[in-house]
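Values reported hereafter were calculated over all heavy atoms of this structure, with side chains retained and with hydrogens, waters and symmetry mates removed.
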Amino acid sequence: AARRLAVLVGALLAFRLGSALVVFQPGYTDAYYYADVAKRLAAGQGLTADFIWNALEATGPLPVPSHRFWMPLATVLQAIGIRALPFLDPFRAAQAATIVVACAIPVLSYRVARSLGASANGALAAAALAGLGGAFAPGWVSLDAFAPAAVIGTLFFLAYRRAAAGDVRSGVLAGLAVGLLFLARAEGALFGLALLGLLRSPVSRRAALAGSAVALVIGFGWVARDLTLGSPPDLFVRSALLVRYEDFFAARTPAGWPSLDRLLAPKAAALVTNLVTAGFAFGLLLLPGIGRAIWTRRARPDVRAFAGLLLLMYLVESVVFTLHSTRGSYFHSLAAFMPFGVALGVVGTGALLRTAERSRVAAVGGVTAAIIVSVFALAQWDASFNVPYRARVAALAVIPDGPFLAIDAAAWRWISGRPVMVTPSDGLAAGGCLISTYGADSIVLEPVHFSAYSALYEASRPVAAVGGIRVFPIKVRPAVGCLP
């Protein structure tokens, strides 16, 4: 079995390298942000950014302290890759670090499946399904926290079972996993609630206390860093009280509390959308098996923790961070559950099928389906992110020298190598302070832009245009020095 697992890991690594031919640039705002800052961190410039992706970070002259909203683990991992592999370009070096981490996903999935009672063949099927990734296939090679979260989340569930039996070292490992999940994604802190649940039993109390202490040290360390920088006063409003996602990128804090009906309306839709997202993330065919395995193994503490945390994550993302959840946040959070969930699905499906022959046929069909879904996900990634990337590269030559505004400042910073500021979603007049402080002279509008710029994009004459990307001069010039 060990030899077959090694061969499988090698085959999956080859698939990852093939995936990297599609994912040859960061692709979207989160990943661009992590990569931009990782280059600076690798160069010894610390966690700082020389661009403004959101008004939350418009705290003073460039460079500004970074990660006032995002968490730092993906950036740190990428910076390690950039420093360790100087003979590669920064993107490929950062990506190599992510791919190395992703190699652990099938190994851990195999280990989980075996611990749940799967045969060696069943565990290999689980390893193949998780390693391929399905909808997560681009994520396993992207400059994001998908792969680290998947590995750390699986390690948490493996350690949690032993911690529940009173093993203090496993409690420490589970606490370390919680702390690292928090540094990967802020909602990873919810995993700490499972550790607190172990305090009720005298058998697991010491392990729970040890794990909680480790998690709190890591978590409070990052929170202390944020407090020394000064927490953005409107962070909660931008995170939980939005009724229009555009307002997240406004220069001014969204005024007042929204009415109750406007606040609640998106939440019902998010509950449905995120339920569908979860179904596709785990693979629709595995859902009956996941349900069966959770029910039949509900006495196991790791299975109970998985089910409880999965439900809690779904509710918190959908009800609290509603608009963010439906724009990728919830899908990101599911990465920490994916390998364990796939292992549950394989074990439960085997029980539902009852015979070894049916299980073998299902395993072959499942792996084939995972390959198809993974390839489809990569094709979707290519269409969604590589096409706009090529358009931006083509338009770069017509943008006047100097800083400029764009809807995705992190992406344009990566592509242009220049300081870039986000176009404030509430318009140029609202962003006058931002414009004058950072010295932007041009605004770059793409076919996808904030609604405040529709009239400018449609009715005004640009100074330059390439395809659907149009460049306009900025004429707003308020007094300088209005930021700290």
Side-chain angles (χ1 to χ4, degrees), residues 23 26-43 45-49 53 57 65-85 90-91 93-105 108 136 138-157 159 172-192 211 214-226 229 239 309 313 317 321 324 328-339 410:
V23 183
Y28 51 94
T29 303
D30 314 33
Y32 276 117
Y33 184 93
Y34 295 141
D36 282 326
V37 180
K39 287 198 295 184
R40 294 181 59 82
L41 181 60
Q45 296 169 314
L47 289 175
T48 59
W53 77 282
E57 292 192 355
S66 67
H67 293 80
R68 307 299 300 276
F69 182 80
W70 309 116
M71 302 304 286
L73 185 66
T75 289
V76 173
L77 174 65
Q78 293 167 33
I80 292 171
I82 293 170
R83 286 294 298 271
L85 302 170
F91 177 83
Q95 188 179 51
T98 302
I99 291 175
V100 168
V101 171
C103 286
I105 293 173
L108 292 173
F136 288 102
W140 289 173
V141 297
S142 71
L143 300 196
D144 205 332
F146 285 108
V151 170
I152 298 166
T154 309
L155 285 172
F156 169 82
F157 291 117
V172 170
L173 179 58
L176 177 63
V178 171
L180 292 176
L181 279 173
F182 172 66
L183 295 181
R185 299 280 304 176
E187 64 270 17
L190 294 174
F191 278 67
V214 172
L216 288 172
V217 167
I218 296 172
F220 280 137
W222 181 253
V223 172
R225 181 259 189 187
D226 278 350
L229 295 175
S239 299
L309 288 171
M313 190 71 71
E317 285 275 3
F321 306 114
H324 292 285
S329 177
Y330 180 58
F331 182 69
H332 275 76
S333 72
L334 288 175
F337 296 91
M338 192 269 192

* What class does the angle between the rings of F156 and F191 fall in, given that below 30° is parallel, 30 to 60° is tilted and above 60° is perpendicular? -> perpendicular
* Take the angle between the ring planes of H332 and Y28 and call it parallel below 30°, perpendicular above 60°, tilted in between. => perpendicular
To the nearest 0.5 angstrom, please state how far the [atom1] atom of [X] sits from the [atom2] atom of [Y].
X    : Y    : atom1 : atom2 : value
W140 : M338 : CH2   : CE    : 5.0 Å
L108 : C103 : CG    : SG    : 11.5 Å
Q78  : Y34  : CD    : OH    : 9.0 Å
L180 : L155 : CG    : CG    : 9.5 Å
L77  : T98  : CG    : OG1   : 5.0 Å
W70  : D30  : CH2   : CG    : 3.5 Å

* So, S333 and R185: side-chain donor and acceptor under 3.5 Å apart, yes or no? -> no
For [X] versus [Y], what's the shortest heavy-atom pair and its separation?
X    : Y    : value
A149 : L181 : O-CD2, 3.8 Å
G179 : I218 : O-CG2, 3.6 Å
T29  : A410 : O-CB, 4.0 Å
L41  : A79  : CD2-CB, 3.7 Å
A31  : P26  : CB-O, 3.4 Å
A184 : A145 : O-CB, 3.9 Å

* To do: Could you give me the CA-CA distance, side-chain angles and deciding distance for V76 and L183, then say whether side-chain contact (heavy atoms from CB on, under 4.5 Å) is met?
  => CA-CA 10 Å; V76 173; L183 295 181; over 6 Å; no
Between [X] (side chain only) and [Y] (backbone N and O only), is there a donor and an acceptor less than 3.5 Å apart?
X    : Y    : answer
Y33  : H67  : yes
E57  : S66  : no
T75  : A38  : no
E187 : M313 : no

* **Aromatic contact, F146 with F331 (centres under 6.0 Å)** => yes
* Taking the six-membered ring for Trp and the single ring otherwise, decide whether the centroids of F220 and F182 are under 6.0 Å apart. => no
* Asked: Does the side chain of W53 reach to within under 4.5 Å of the side chain of Y32, using non-hydrogen atoms?
  -> no
* Are any non-hydrogen side-chain atoms of F157 and P339 less than 4.5 angstrom apart? -> no
* Asked: Is it true that atom CZ of R83 has more than 12 heavy atoms of other residues, nucleotides or ligands lying nearer than 6.0 Å?
  -> no
